[in-house]
Amino acid sequence: MSKRSLKDGETLQRPVKESKKHWSLGLVESMKDPDAVYKETERIVVIRDKYPKARVHYLVLPTKEISSIYKLDKTHLDLITEFGTMFQTIKNELTDVDLRAGFHAVPSMQRLHMHIISKDMDSKCLKTKIHWNSFTTSFFIPYEDLLRKLKENGCIERISSDMHKGLISTPLKCNQCSFEPKNIPQLKQHLLTHL
DNA sequence: GTTCTAGAAC
DNA sequence: GTTCTAGAAC
């Protein structure tokens, strides 16, 4: 016995499973979206982060399919050097902002991407401890460090699962002073004092 | 990566 | 009672 009668057009079948792209392909989709693209060269694209974690937050990606930093080898040194040139270009254009460039040690989204993010970390999209720690602990691999590792080792070594767990559970600490907030709302309130 | 929300923390 | 965090999402 059905619990209620069906409305016009309604069926007993579940909606046909949408062939929706997996969320981890979101950056690759954004690269095709003219509204998201900030700059473009033959080899790289710069997009605005859809959920910026600071007042300025861009992503630099290769047009070529490279899934993550763990696929890099010495043949990519020119490409990564161009990432650095792009970072310098953007710094020169935004001289009133303190910008950092780097990569997440454990990226969630596909396609190699370098974050260019301002130090303020003032954003409504910054909501969780993982968000915070992914930019303020060694979970964040500065651009120069990654370039050096690639030159010296010819690849980027994965961090251990224990290291990963440790970094994302690091107690909150301000990225501009020694303050240790009790929780995220307190951190966000405190960040305003550094503006 | 985000959204949602149960239940922990206050 | 309200705020906040952390885990599931088929």
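In what follows, chains are A, B, ... by sequence order, proteins preceding strands, each numbered from 1.
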Atom pair distance, as rounded to whole Å: [atom1] in [X] and [atom2] in [N]:
X	N	atom1	atom2	answer
A:N183	C:dA6	CG	C1'	14 Å
A:N133	C:dA6	CG	C1'	14 Å
A:K165	C:dG7	NZ	P	11 Å
A:W132	C:dT5	CH2	C1'	17 Å
A:L27	B:dG1	CG	P	10 Å
A:L172	C:dC4	CG	P	13 Å
A:K129	C:dT3	NZ	P	21 Å
A:Q110	B:dG1	CD	P	13 Å

Please tell me if the side chains of A:L167 and A:I159 come closer than 4.5 Å, counting only heavy atoms from C-beta onward.
yes
For C:dT2, give its Watson-Crick or G-U wobble partner with both distances under 3.5 Å, or none.
B:dA9
Any donor-acceptor pair under 3.5 Å linking the side-chain atoms of A:D73 with those of A:T75?
yes
Under 4.0 Å, counting only non-hydrogen atoms across every strand here, what does [X] touch: a base, just sugar-phosphate, or nothing?
X	result
A:P107	nothing
A:K182	nothing
A:I184	sugar-phosphate
A:K50	nothing
A:H22	nothing

Does [X] have a side-chain nitrogen or oxygen under 4.0 Å from the phosphate oxygens OP1 or OP2 of [N]?
X	N	result
A:K127	B:dT3	yes
A:H131	B:dT2	yes
A:K20	C:dA9	no

Exactly one candidate in A:F87, A:Y38, A:F83 meets ring-ring contact (aromatic ring centres under 6.0 Å, His included) with A:Y58; the answer is A:Y38
With a 6.0 Å cut-off on the ring centroids, do A:H57 and A:F135 count as close?
yes
So does A:E29 pair up with A:K50, basic N to acidic O under 4.0 Å?
no
